[in-house]
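Since the structure comes first, as structure tokens, the remarks are kept for the end.
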Protein chains: 2
Amino acid sequence: MLDDIALFVHIAQHRGLSATAEMLKVPAATVTRRLQKLETTLGCRLIHRSARKFELTAEGDAYYQAYAGLVKQFEETARDLSSDVHQLHGKLKVMAPTNISIGLLQPMWSAFIGAYPDIQLELMLNNQVEDLLSSQVDIALRIGPQIDSQLYQKRLGSVATILLAAPDYLEQQGRPEVLEDLNHHRLITVSNLPVWKLQKIKTKASATVNPIAATSVNDIRLASQLARDGLGISLLPVSEVKEELQQGRLEQVLAPWCGPERDILAVWPSGRLLSAKARCLRDFMQQHIQKESILQGRMMVI
Amino acid sequence: MLDDIALFVHIAQHRGLSATAEMLKVPAATVTRRLQKLETTLGCRLIHRSARKFELTAEGDAYYQAYAGLVKQFEETARDLSSDVHQLHGKLKVMAPTNISIGLLQPMWSAFIGAYPDIQLELMLNNQVEDLLSSQVDIALRIGPQIDSQLYQKRLGSVATILLAAPDYLEQQGRPEVLEDLNHHRLITVSNLPVWKLQKIKTKASATVNPIAATSVNDIRLASQLARDGLGISLLPVSEVKEELQQGRLEQVLAPWCGPERDILAVWPSGRLLSAKARCLRDFMQQHIQKESILQGRMMVI
DNA sequence: ACTACATATTCCAATTATGAAATCATGTTA
DNA sequence: TAACATGATTTCATAATTGGAATATGTAGT
């Protein structure tokens with residue numbers, strides 16, 4: 001019915017059935033029959049037509065005037081939605097956290113750029129959460145819960161946080177055995193984790209540590225460097241300290257405890273259709289992150 | 001396609017396929033399949049659905065937001081157009097010329113009111129052409145050419161105009177034999193026929209008379225009364241002078257000549273669908289006028 | 001874990017729409 | 001006036017869609 005109305009509007013615009021048939025790539029027979037069907041359902045003739053004449057009836061004109069604008073809007077909407085949806089080339093604006101992007105995930109970005117040379121990636125790295133909507137970003141990678149209800153999100157993985165310190169530091173200050181021992185240590189906090197909600201992996205026992213007199217910085221990388229320099233114990237995502245752990249510059253403390261798992265999310269503005277490029281990147285990221293055991297929420301096993 | 005989109009919008013609104021099926025009176029199987037087809041054509045899933053869960057996907061939400069308003073508008077338009085189109089009761093506002101309506105066509109109005117008692121006729125008689133659009137009139141009866149391009153019209157009949165005078169007057173002033181004789185007579189003109197374009201019925205010969213020093217009035221009825229009172233010769237529609245001719249109070253002069261035929265038209269605002277009531281009246285008027293020989297353009301034969 | 005329930009989906013026969021070619025209708029030109 | 005050309009319509013075989021019944025699926029309450 002709606003389709004037939006749309007067809008009629010086109011017929012009225014092209015002033016002819018065969019012209020419309022050609023334009024819309026449907027056989028003329030179909031145009032004739034659908035118009036006839038519409039006329040039957042509406043119970044009136046819409047077009048006075050013959051081989052050489054074409055004229056809307058009064059009713060046809062009324063229907064045309066009523067529907068033409070709507071049909072046009074419909075088609076514009078369809079065009080807006082589907083443009084871009086199949087194109088795997090052109091610009092793609094992406095936001096991501098700096099630290100993980102120049103660290104653990106740097107190979108992912110290289111791989112993506114290599115795999116899709118036609119996609120012109122514009123990667124905006126930043127540690128603070130910038131507004132996705134006003135920045136006209138297609139899709140963003142985010143870590144930790146996202147509060148913006150204007151965003152859609154898809155979980156790609158998660159990263160555990162653990163307590164760490166430099167071996168030197170631990171030699172000098174002693175290794176904490178129980179949670180309460182933390183009170184006697186220098187602590188380094190990162191601003192987005194001001195309170196340490198810890199949990200024992202097996203027993204699910206949980207506890208909260210409020211690092212009061214701690215050093216506080218707003219960058220994970222800096223925090224890990226401070227810890228590495230023997231300035232205290234910090235709660236950091238394993239993704240950021242992989243190298244340091246492997247090379248023994250940092251070591252885990254209070255091993256049965258670990259901090260909150262932080263989700264890794266692809267987020268994008270809601271109410272807008274994800275472009276093919278953005279979907280492509282999202283799926284690519286998901287595949288990559290799935291292979292990275294550190295990003296599966298498991299405690300790192302070296 | 002458009003129909004499927006509309007269906008999807010309803011599904012999203014009713015939050016369920018079967019609810020939608022019931023609401024729209026289509027089998028649930030159809031709803032399922034049309035949704036599946038739409039998902040296939042769009043190339044993405046629109047709804048995460050199971051027996052107990054129902055949730056739009058990100059894409060589904062994007063499509064919903066894009067189309068919901070349009071679908072609603074479409075349906076409102078359809079409702080506006082079809083309301084009234086099948087209802088043969090309620091108010092019907094009609095305009096018509098005063099003279100013919102209280103004269104020759106008066107029986108027609110009575111007959112219509114009698115035939116359709118459920119139609120609440122509001123008949124606005126006037127001799128001047130009032131604006132149909134601003135008066136919210138459904139349909140109007142008009143005589144003579146209508147210039148307003150915002151109107152649709154349908155010809156219902158036509159009425160001839162002839163030259164007439166009172167027998168008394170002709171006795172005193174003499175009966176004109178040729179056109180030029182009119183120059184020596186008193187003439188009465190009606191404002192909507194300031195120039196007399198005359199024609200011989202058989203020979204098609206035509207002539208124009210410019211009644212200069214004539215009495216001029218703006219109402220046909222008054223003109224016929226003036227002529228009846230022996231004040232001169234006038235060019236009048238036969239429909240207005242039927243009685244006077246039959247009773248010998250007026251007689252035709254220069255019989256082979258007659259004035260322009262004036263069309264009787266049903267007119268209504270363009271771009272709006274004629275309601276069933278208005279169509280009903282239009283067709284009723286056409287039938288009635290067809291039976292009235294005076295209104296078939298023929299010279300009156302008593 | 002099992003059952004009951006509500007909902008979505010699949011199956012099959014009947015209907016309906018489609019596409020390509022032939023036919024028809026009607027203004028225009030020779 | 002007849003032939004022509006253009007565009008609408010019909011024809012017929014094929015493909016797609018529909019409606020009703022049966023089936024599958026997932027959730028909530030014993």
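Everything quoted here is computed from the prediction, not taken from an experiment. Letters go in sequence order (proteins before strands), and every chain restarts at 1.
- Atom CD of Glu22(B) is surrounded by 12 or fewer heavy atoms from other residues, nucleotides or ligands within 6.0 Å.
- When the side-chain nitrogen and oxygen atoms of Arg49(A) are compared with OP1 and OP2 of dA25(C), none of them lie within a distance under 4.0 Å.
- Between Leu7(A) and the options Leu38(A), Leu24(A), Leu35(A), Leu17(A), a side chain to side chain contact (heavy atoms under 4.5 Å, CB included) holds for only Leu24(A).
- Salt bridge Arg45(B)/Glu55(B): absent, no basic N to carboxylate O contact under 4.0 Å.
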Contact state string [nucleotides 14-25 of chain D, B base, S sugar-phosphate only, - no protein heavy atom under 4.0 Å]: ---SBBB----B
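- Per the geometry, CD1 belonging to Ile47(B) stands 9 Å off P belonging to dA8(C), to the nearest Å.
- Contacts of Ser18(B) with the nucleic acid, taken as non-hydrogen atoms under 4.0 Å apart, involve only primed sugar atoms and P, OP1 or OP2.
- Once rounded to the nearest 0.5 Å, the distance linking CD1 of Ile100(B) with CG of Leu105(B) reads 4.0 Å.
- A salt bridge does not link Asp138(A) to Lys277(A): none of the charged nitrogens lies less than 4.0 Å from a carboxylate oxygen.
- Between Arg52(A) atom CZ and dT9(D) atom P the separation is 15 Å, expressed in whole Å.
- Relative ring orientation between Tyr116(B) and Phe112(B) is described as tilted, the plane-to-plane angle lying within the 30° to 60° band.
- For an aromatic pair to be called close, the ring centres must be under 6.0 Å apart, and Tyr67(B) with Phe8(B) fails this.
- Each end of the helix from dA1(C)-dT30(D) to dA30(C)-dT1(D) yields a helix axis from five base pairs, and these two axes differ in direction by 20° (to the nearest 10 degrees).
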